[in-house]
Amino acid sequence: MKRIRYWIFTLLVMGGNLGLSYLLSHSMEIRLLDAMFYVGAITTVIFIFFSSSGGFLSTRNEAHIATSIEGSKSNYQMQHSSFSLRVNPLVLGSVLFLFLGFILAFFV
């Protein structure tokens, strides 16, 4: 049952991306395939950013805290956290939508 809900939500995300692409293509008078690429790329980046933890930004923030005055006063020890991505329906739906746009643009 969880897997069915996962795929239904993934399809809803893809449908939402298609709706956003349609609105963008009509409001800005561009082709639907171009709008699909823009919407797919932007939503993929946003959803991956909010579904991930660790990596470059966390290390940068840790270094900033460790070198600040508050960090030196409290003897702050820097901890490295490796990058991890949680693949949820939002990420999967936006990535599949982006690939669908590529396939439609180049092979159809």
Side-chain angles (χ1 to χ4, degrees):
M1 189 66 180
K2 279 188 170 185
R3 197 168 280 201
I4 292 172
R5 283 193 347 219
Y6 185 89
W7 284 105
I8 287 173
F9 193 62
T10 302
L11 291 174
L12 286 174
V13 169
M14 291 176 71
N17 281 346
L18 184 62
L20 283 173
S21 298
Y22 183 76
L23 288 174
L24 182 69
S25 69
H26 276 8
S27 66
M28 299 190 73
E29 296 178 2
I30 59 176
R31 294 184 331 156
L32 182 61
L33 284 177
D34 294 339
M36 283 177 69
F37 172 73
Y38 298 137
V39 169
I42 289 170
T43 56
T44 299
V45 168
I46 289 171
F47 291 147
I48 286 176
F49 178 77
F50 285 110
S51 297
S52 65
S53 63
F56 172 72
L57 289 176
S58 295
T59 304
R60 184 176 173 271
N61 289 336
E62 289 275 337
H64 181 70
I65 292 170
T67 58
S68 69
I69 293 175
E70 287 98 18
S72 62
K73 283 181 183 177
S74 65
N75 199 15
Y76 184 80
Q77 296 295 321
M78 201 169 133
Q79 300 171 353
H80 178 72
S81 57
S82 61
F83 180 78
S84 66
L85 175 65
R86 194 167 158 244
V87 181
N88 54 27
L90 295 171
V91 173
L92 184 63
S94 61
V95 168
L96 287 175
F97 185 76
L98 183 62
F99 285 138
L100 178 71
F102 277 130
I103 290 169
L104 289 175
F106 292 114
F107 298 113
V108 175

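Keep in mind it's a predicted model, so treat the numbers as computed, not measured. One-based numbering along the sequence shown.
- Residues Ile42 and Val13 share a hydrophobic cluster, clusters being chains of Ile/Leu/Val/Met/Phe/Trp/Tyr side chains in contact below 4.5 Å.
- Note that the CD1 atom of Ile48 and the OG atom of Ser94 stand 6.5 Å from one another [nearest 0.5 Å].
- Asp34 is not listed as a side-chain neighbour of Ser25, based on a closest heavy-atom distance of 4.5 Å or more.
- Residue Phe107 is grouped with residue Phe99 when hydrophobic side chains (ILVMFWY) are merged at heavy-atom distances under 4.5 angstrom, including chains of intermediate members.
- One finds the CG atom of Leu98 at 10.5 Å from the CE atom of Met14 (value rounded to the nearest 0.5 Å).
- Arg3 pairs by the salt bridge (charged side-chain N to carboxylate O under 4.0 Å, His left out) definition with nothing, not counting sequence neighbours.
- More than 12 heavy atoms of other residues, nucleotides or ligands lie within 6.0 Å of OH in Tyr6, so this atom counts as buried by the packing criterion.
- Residues Leu12 and Leu23 fall into different hydrophobic clusters, defined by Ile, Leu, Val, Met, Phe, Trp and Tyr side chains chained together at heavy-atom separations under 4.5 Å.
- Residue Met36 comes nearest to Gly101 through the heavy atom pair CE-CA, 3.9 Å, listed as atom of the first residue, atom of the second, then distance.
- You'll find the side chain of Trp7 reaches within 4.5 Å of the side chain of Leu92, heavy atoms only.
- Minimum interatomic distance between Gly40 and Thr43 (heavy atoms only, all atoms of both residues): O-OG1, 3.3 Å.
- Leu104 is listed as a side-chain neighbour of Leu100, based on a closest heavy-atom distance under 4.5 Å.
- No side-chain heavy atom of Leu90 sits less than 4.5 Å from a side-chain heavy atom of Phe50.
- Residue pairs meeting the ring-ring contact (aromatic ring centres under 6.0 Å, His included) criterion with at least one member in residues 10-38, sequence neighbours excluded, are Tyr22-His26, Phe37-Phe102.
- Between Ser51 and Val91 the shortest heavy-atom distance is OG-CG2, 3.5 Å.
- The shortest non-hydrogen separation linking Leu85 to Ser52 is CD1-CB, 4.1 Å.
- Val45 and Leu96 fall into different hydrophobic clusters, defined by Ile, Leu, Val, Met, Phe, Trp and Tyr side-chain heavy atoms under 4.5 Å apart, directly or through other members.
- What you find for Asn17 and Val39 is that their closest heavy atoms are O-CG1, 3.7 Å.
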